[in-house]
Amino acid sequence: MIKIYKYPVIFAVEDNETDEGDFPVYIRIPDLVDAGFSFASSAGHTEDDILAIARDCMKMSIEDGLRRDLQAPVASKLREIDLKKHLSRYDEELIDLKSIAVEWIKAEV
C-alpha cells in the first residue's frame, strides 16, 4: 500500500553562481534529520532539479528509516522549524545565502 508523507523542506539558495549560471540549492528535511532518518539533506542546481531531488531525498530517507524500524515523525508546523540549527553549516563555512524558503513537499512511499 502506498502512503503519502508530507514534510516541510528547507531550501537555502547560495549566493555564488556556478559556471553554468545556476545558484546551488541546499535541501534539508528537518523532521527526518531530527528523527534519525538518513539521506535527509541534499543539493541541486536548478529550480526544476531541486523539487525532484527533494521528493527523491524524502522518499529514500523514509524508505530507509522504515526498513530500520524507525517511526515516521509527525510533521512540524512551518513556524516551528529551527532554521539556525538546520543551516548551521553555512555559519561554519561562511557561505552567503541568497534566499531561504521552507515549503511543504510530498513523497509517495
Side-chain angles (χ1 to χ4, degrees):
M1 178 175 80
I2 293 178
K3 184 171 180 179
I4 296 176
Y5 294 87
K6 183 177 174 182
Y7 290 104
V9 176
I10 298 171
F11 297 94
V13 183
E14 295 181 8
D15 199 22
N16 302 326
E17 190 172 1
T18 67
D19 293 340
E20 294 83 25
D22 299 322
F23 291 90
V25 180
Y26 176 70
I27 301 162
R28 189 155 174 104
I29 307 167
D31 292 322
L32 298 180
V33 169
D34 291 344
F37 285 69
S38 58
F39 310 115
S41 61
S42 188
H45 288 283
T46 68
E47 191 172 332
D48 293 335
D49 287 347
I50 61 171
L51 294 175
I53 291 169
R55 281 187 198 91
D56 289 346
C57 181
M58 183 183 297
K59 182 177 179 176
M60 287 187 305
S61 181
I62 293 169
E63 288 173 343
D64 177 68
L66 295 176
R67 275 194 298 275
R68 294 186 295 128
D69 292 325
L70 295 176
Q71 295 292 324
V74 174
S76 297
K77 295 180 176 146
L78 293 181
R79 67 180 174 272
E80 295 172 347
I81 301 297
D82 184 349
L83 291 176
K84 185 161 182 63
K85 172 185 172 187
H86 288 284
L87 295 176
S88 63
R89 80 176 264 239
Y90 287 102
D91 292 336
E92 295 166 6
E93 297 180 26
L94 299 175
I95 297 170
D96 291 326
L97 294 178
K98 182 177 180 178
S99 66
I100 299 170
V102 181
E103 301 196 19
W104 290 102
I105 298 290
K106 293 179 185 178
E108 294 182 4
V109 176

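- Heavy atoms only, all atoms of each residue included: Leu32 and Met58 are closest at CD1-CG, 4.1 Å.
- Annotation: side chain to side chain contact (heavy atoms under 4.5 Å, CB included) contacts of Glu103 (sequence neighbours excluded): Phe11, Ala101.
- For the pair Ser61 (side chain) and Ser38 (backbone), a donor-acceptor distance under 3.5 Å is present.
- For the side chain to side chain donor-acceptor pair (under 3.5 Å) test, no residue two or more places apart in sequence or in another chain qualifies with Lys3.
- With sequence neighbours excluded, the residues satisfying side chain to side chain donor-acceptor pair (under 3.5 Å) with Ser76 are Asp31.
- For residues 66-75, the set of pairs meeting the side-chain hydrogen bond (donor to acceptor under 3.5 Å, both in side chains) definition, not counting sequence neighbours, comprises Asp64-Arg68.
- Minimum interatomic distance between Ile27 and Ala54 (heavy atoms only, all atoms of both residues): CG2-CB, 3.9 Å.
- In this structure, Asp82 has no side chain to side chain donor-acceptor pair (under 3.5 Å) partners at least two apart in sequence or on a different chain.
- Phe37 and Ala72 make their closest contact through CZ-CA, 3.9 Å (heavy atoms, listed as atom of the first residue, atom of the second, distance).
- Scored by the salt bridge (charged side-chain N to carboxylate O under 4.0 Å, His left out) test, Lys77 finds no partners at all (sequence neighbours excluded).
- Considering only heavy atoms from C-beta on, Leu87 stays 4.5 Å or farther from Arg28 through its side chain.
- For residues 5-14, the pairs satisfying side-chain hydrogen bond (donor to acceptor under 3.5 Å, both in side chains) are Glu14-Tyr90, with sequence neighbours left out.
- Atom CD1 in Ile105 sits 11.5 Å away from atom CD1 in Ile53 (nearest 0.5 Å).
- Using a 4.5 Å heavy-atom threshold, the side chains of Leu97 and Tyr26 count as separate.
- With sequence neighbours excluded, the residues forming a side chain to side chain contact (heavy atoms under 4.5 Å, CB included) with Leu78 are Pro8, Val102, Trp104, listed by chain and number.
- Interatomic distance, Glu108 CD to Lys59 NZ, rounded to the nearest 0.5 Å: 7.5 Å.
- The two residues Ala35 and Leu70 make their nearest non-hydrogen contact at O-CD1, 4.1 Å.
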